[in-house]
**Student:** 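Here's a structure for you.
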There are 2 protein chains.
Amino acid sequence: MLTKRQLIILKDIVRLYTESGQPVGSKTLLDQLPMHVSSATVRNEMVRLEDMGLIEKTHLSSGRVPSTKGYRYYLDHLVEPSGVDANDLALIETSFDQSYLQIDQIIAQSAKILSSLTSYTAISLGPELRDARLTGFRLVPLGDHQVMAILVTDNGAVENQIFSVPHELDSESLEKTIRIINDQLIGLPLTAVIQKLHSDIPQLLTHYMITPSGFLDIFGNVLKKAAKERFHVDGKMNLINPATIKNVDQLKSLYALIDQDADLAELIGVPDQAIEVRLGDELTNNLLHDFSLITATYEVGDHGKGMIALLGPTSMPYSRMIGLLDVFREELAKKITDYYTHRGEE
Amino acid sequence: MLTKRQLIILKDIVRLYTESGQPVGSKTLLDQLPMHVSSATVRNEMVRLEDMGLIEKTHLSSGRVPSTKGYRYYLDHLVEPSGVDANDLALIETSFDQSYLQIDQIIAQSAKILSSLTSYTAISLGPELRDARLTGFRLVPLGDHQVMAILVTDNGAVENQIFSVPHELDSESLEKTIRIINDQLIGLPLTAVIQKLHSDIPQLLTHYMITPSGFLDIFGNVLKKAAKERFHVDGKMNLINPATIKNVDQLKSLYALIDQDADLAELIGVPDQAIEVRLGDELTNNLLHDFSLITATYEVGDHGKGMIALLGPTSMPYSRMIGLLDVFREELAKKITDYYTHRGEE
DNA sequence: TTTTAGCACTTAATGCTTTTGAGTGCTAAC
DNA sequence: GTTAGCACTCAAAAGCATTAAGTGCTAAAA
């Protein structure tokens, strides 16, 4: 168990290290401590903290740096989320204050604000689409045998894709097909739609179309697009950071990772706390060894959970970051709830 | 006027410098020259080339590096586009060999192939939309007072945007409005459409709508989106290059530049040759001091001109790059012509 | 007149040693 | 348990000699 003084010292080492980026020595630490002790005393305490594996030296005679275990301890026991600066708060409020036509816009905007506020990389994901229900499917002819397929879900997501229509498909049977789809599938969760698409529907359609498969592919395609979790990432450039990036190749792989929605989804997983910090070693990907991921989830009534996260170096100022994310949790929940209720009213 | 030997020396300096990245000395140069001379002779020639400002030293006793003026001379008089490697050619052919639904896909793919082939940043722009004509405008109700506006042009571009519809607009007058728009504007070039939108149309519409302005805004908005030149950029990461990037800030500004279509448009301007190389100083932006931009334009029948470009360090292997771009000019012209004629046939 | 050999000179880069500064651990006294 | 004092360590900076690749210039050869 740590003594009170050791707690203070650990906390200050974390703080000073994130502020200066330099290993913290006993004398530097002296100025910060509330009690009156000598540097030798501090050194003795530091030896004990080092024995416990909470801090470490970069070389035999260097100052101390928090170890991963130290950060873990700090995050679990010591960190106090700081209140958010009035300026920042105002900036968040005004930046969010727009009228949004799609949830995606709110999500994208949130990532933008967060990354500009923190100078880290922000990742935002709207309320899960798993619970989304299909509210409509349209085909709009564009001329030249091209057709735009539009799919609408009840949480405001709209997907569209353009297709060339083969000659065999006459517009009449298309119309009928769409009517069947709308009759049979509207109101169902997307997951159920995907399922039915492979079981019931093909049989129903054979009455109207010779080869329904081609058309079902179109529908399935747009459906897959809509059901896919799409992350909004902002501030990618902030990953360029001498502390964490060793070489150009690493940076490239990192960008590849960030740009791949599937990889991101795996990385983020399913956080089980409202705000959760995962340090380099705790993340699956070893590219992220010197990074830290802070995820914050929020609930939007019965529309599911949303998520917003920060990716940055292990030595982030966690108290500020956590404070900020807390504001974002509230703000996003509010904004998105607003979005739903407004649409309900009209 | 340069002697034959001076031309050979200048050409070899350019070549060796792009190959090795190191300043070229008289002895190194000796091995490359076809004639038998001593290093002292080469040195004398180099002094003359330096007097003319074509090459320069990095320090008093260093080898020579082509100056901007030297590159200019090389590009204007000496460079010989090299034939394209059989492997590369095969790769280009197979990568392009897909069926495309939108011109944008061809353009995006071209940037992708070119950047992967060269390890530089590729910028691709489809045939100019200025000549594009409006072929259709649709409004599709999505429920919840939301409407998707879809605009189609005759060169395959499809724009869409989602809007909330105010209560005052009943669907009947919307229908009529769309009919008017389609009657009056289809077939006109987008530029003419934009013009008419502000002159004739408002008057026509007052018969059917009390406040047409709100609706015209929607239309104008989508129109603007479609009329905007959109660049496809690939291989952005390749801008990270120790030779050209001094610090992280420069890199960030550079990315900001590349991501801004308007800035890119200004940077690229209107090249007046089929293939044109512009060196750092000749580019408007001083961020690009150590870069070079190779633009290649191609004609797609009467659908206007397309452009594909490479952005890389000044010391690019120009003969290979120009050879490659020449292939892309042909290939793109062919692919896009194919695209139009296929759509015409069906 | 052009070319070449020879030589003195310059510079960046490399490797080596020294110095400095910030830090540590340990011991003995408080 | 705390502190002063001191020997010790190490990274970073500074200084210095050496080397390799290059130059310009001069005087002789072609």
Side-chain angles (χ1 to χ4, degrees), chain A residues 1-10 12-17 19-67 70 242-243 246, chain B residues 1-10 12-67 70 242-243 246 315:
Chain A
M1 194 50 207
L2 294 183
T3 67
K4 205 166 174 181
R5 192 166 65 192
Q6 286 168 341
L7 291 176
I8 295 175
I9 289 178
L10 176 57
D12 274 328
I13 289 177
V14 169
R15 188 171 54 79
L16 289 172
Y17 180 59
E19 278 172 16
S20 71
Q22 296 297 319
V24 184
S26 54
K27 278 182 197 155
T28 320
L29 210 40
L30 263 196
D31 307 340
Q32 309 292 324
L33 297 179
M35 66 284 260
H36 184 77
V37 287
S38 76
S39 66
T41 308
V42 176
R43 278 203 292 284
N44 288 333
E45 293 288 30
M46 296 212 293
V47 170
R48 271 165 239 145
L49 287 173
E50 191 172 11
D51 288 345
M52 288 182 261
L54 297 174
I55 56 179
E56 52 195 23
K57 291 185 276 198
T58 58
H59 60 86
L60 197 61
S61 72
S62 79
R64 301 308 208 292
V65 159
S67 67
K246 264 87 194 181
Chain B
M1 195 49 210
L2 294 183
T3 67
K4 204 166 175 182
R5 193 166 66 193
Q6 285 168 342
L7 291 177
I8 294 175
I9 289 177
L10 176 57
D12 274 328
I13 289 177
V14 169
R15 186 170 55 79
L16 288 172
Y17 180 58
T18 51
E19 279 172 16
S20 71
Q22 296 298 318
V24 183
S26 53
K27 279 180 196 153
T28 320
L29 209 42
L30 263 197
D31 307 339
Q32 310 291 325
L33 296 179
M35 66 284 261
H36 184 78
V37 286
S38 76
S39 67
T41 308
V42 176
R43 278 203 291 285
N44 288 333
E45 293 289 29
M46 297 212 293
V47 170
R48 272 166 236 145
L49 286 173
E50 191 173 11
D51 287 345
M52 289 182 260
L54 297 174
I55 58 180
E56 53 196 23
K57 289 185 278 198
T58 59
H59 59 85
L60 197 61
S61 73
S62 77
R64 302 309 208 292
V65 158
S67 68
K246 263 87 195 183
S315 61

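A quick note: this is a predicted structure, and the numbers were derived from the prediction, not measured.
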**Student:** Strictly under 3.5 Å: I want the nitrogen or oxygen pairs between protein and nucleotides 4-8 of chain C, one per line.
**Tutor:**
residue : atom : partner  : partner atom : Å
dT4(C)  : OP2  : Ser38(B) : N            : 2.9
dT4(C)  : OP2  : Thr41(B) : OG1          : 2.4
dG6(C)  : O6   : Arg43(B) : NH2          : 3.4

**Student:** List the residues meeting side-chain hydrogen bond (donor to acceptor under 3.5 Å, both in side chains) with Ser62(A), not counting sequence neighbours, and say none if there are none.
**Tutor:** Thr58(A)
**Student:** Measure from CG on Leu16(A) to C1' on dG23(C) and round the result to the nearest Å.
**Tutor:**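 After rounding, the reported distance stands at 15 Å.
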**Student:** Rounded to the nearest angstrom, tell me the gap between atom CD in Glu45(B) and atom P in dT3(C).
**Tutor:**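 Whole-Å distance recorded here is 7 Å.
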**Student:** Strictly below 4.0 Å: does Ser26(B) bring a side-chain N or O up to OP1 or OP2 of dT23(D)?
**Tutor:**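 It does, given that an N or O in the side chain of Ser26(B) lies less than 4.0 Å from OP1 or OP2 of dT23(D).
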**Student:** Please determine whether a side-chain nitrogen or oxygen atom of Arg64(B) lies at a distance below 4.0 Å from atom OP1 or OP2 of dG24(D).
**Tutor:** yes
**Student:** Tell me, please, which residues at least two apart from Ser315(B) pass side-chain hydrogen bond (donor to acceptor under 3.5 Å, both in side chains).
**Tutor:** none
**Student:** Starting at OH of Tyr17(A) and ending at C1' of dG23(C), how long is that distance when rounded to a whole Å?
**Tutor:** 16 Å
**Student:** Please report the distance, rounded to the nearest Å, between NZ in Lys4(A) and P in dG1(D).
**Tutor:**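 One finds 18 Å between P of dG1(D) and NZ of Lys4(A), rounded.
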**Student:** Closest approach of Val37(B) and Leu30(B), non-hydrogen atoms and distance?
**Tutor:** O-CD2, 3.3 Å
**Student:** Rounded to whole Å, please give me the gap between CZ in Arg48(A) and P in dT24(C).
**Tutor:**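 Going from CZ in Arg48(A) over to P in dT24(C) covers 14 Å.
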**Student:** Rounded to the Å, how far apart are Met46(A) CE and dC26(C) C1'?
**Tutor:** 15 Å
**Student:** Pairs of donor and acceptor atoms involving the side chains of residues 42-57 of chain A, under 3.5 Å and at least two apart or interchain, shall be tabulated with distances.
**Tutor:**
residue  : atom : partner  : partner atom : Å
Arg43(A) : NH1  : Ser26(A) : OG           : 3.4
Arg43(A) : NH1  : Ser39(A) : OG           : 3.4
Asn44(A) : ND2  : Ala40(A) : O            : 3.4
Glu45(A) : OE1  : Gln6(A)  : NE2          : 3.1
Glu45(A) : OE1  : Arg48(A) : NH1          : 2.7
Glu45(A) : OE2  : Arg5(A)  : NE           : 2.7
Glu45(A) : OE2  : Arg5(A)  : NH2          : 2.8
Glu50(A) : OE1  : Arg64(A) : NE           : 3.2
Glu50(A) : OE1  : Arg64(A) : NH2          : 2.8
Lys57(A) : NZ   : Leu60(A) : O            : 3.4

**Student:** Got a sec, which residues hit side-chain hydrogen bond (donor to acceptor under 3.5 Å, both in side chains) with Ser67(B), two or more places apart in sequence or on another chain?
**Tutor:** none
**Student:** Roughly how far, to the nearest 0.5 Å, is CG of Asp12(B) from CG of Leu7(B)?
**Tutor:**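 Answer rounded to 0.5 Å: 11.0 Å.
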**Student:** Less than 3.5 Å apart, which donor and acceptor atoms pair up between the side chains of residues 16-23 of chain B and the rest of the protein, not counting sequence neighbours?
**Tutor:**
residue  : atom : partner  : partner atom : Å
Thr18(B) : OG1  : Val14(B) : O            : 3.1
Thr18(B) : OG1  : Arg15(B) : O            : 2.8
Glu19(B) : OE2  : Arg15(B) : NH1          : 3.3
Ser20(B) : OG   : Leu16(B) : O            : 3.0
Ser20(B) : OG   : Gln22(B) : N            : 3.0
Ser20(B) : OG   : Gln22(B) : O            : 3.4

**Student:** What heavy-atom pair brings Gly70(A) and Leu10(A) nearest, and what distance separates the two atoms?
**Tutor:**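 Distance-wise, the nearest heavy atoms are O-CD2, 4.5 Å.
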**Student:** Starting at atom CG of Leu49(B), determine the distance to atom P of dG24(D), rounded to an integer number of angstrom.
**Tutor:**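 Going from CG in Leu49(B) over to P in dG24(D) covers 12 Å.
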**Student:** Each nucleotide in nucleotides 7-19 of chain D should get exactly one letter: B, S or -. Can you fill that in based on protein heavy atoms under 4.0 Å?
**Tutor:** --BBS--------
**Student:** Round to a whole Å and report the spacing from CG of Asp31(A) to C1' of dA22(C).
**Tutor:**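 About 14 Å, once rounded to whole Å.
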**Student:** Mind checking what makes side-chain hydrogen bond (donor to acceptor under 3.5 Å, both in side chains) contact with Ser38(B), not counting sequence neighbours?
**Tutor:**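 Partners of Ser38(B) by the side-chain hydrogen bond (donor to acceptor under 3.5 Å, both in side chains) criterion, ordered by chain and then number, come out as Thr41(B).
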**Student:** Between Lys57(B) and dT10(C), is there a contact of a side-chain N or O with OP1 or OP2 at under 4.0 Å?
**Tutor:**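 Looking at the OP1 and OP2 atoms of dT10(C), neither is under 4.0 Å from any side-chain N or O of Lys57(B).
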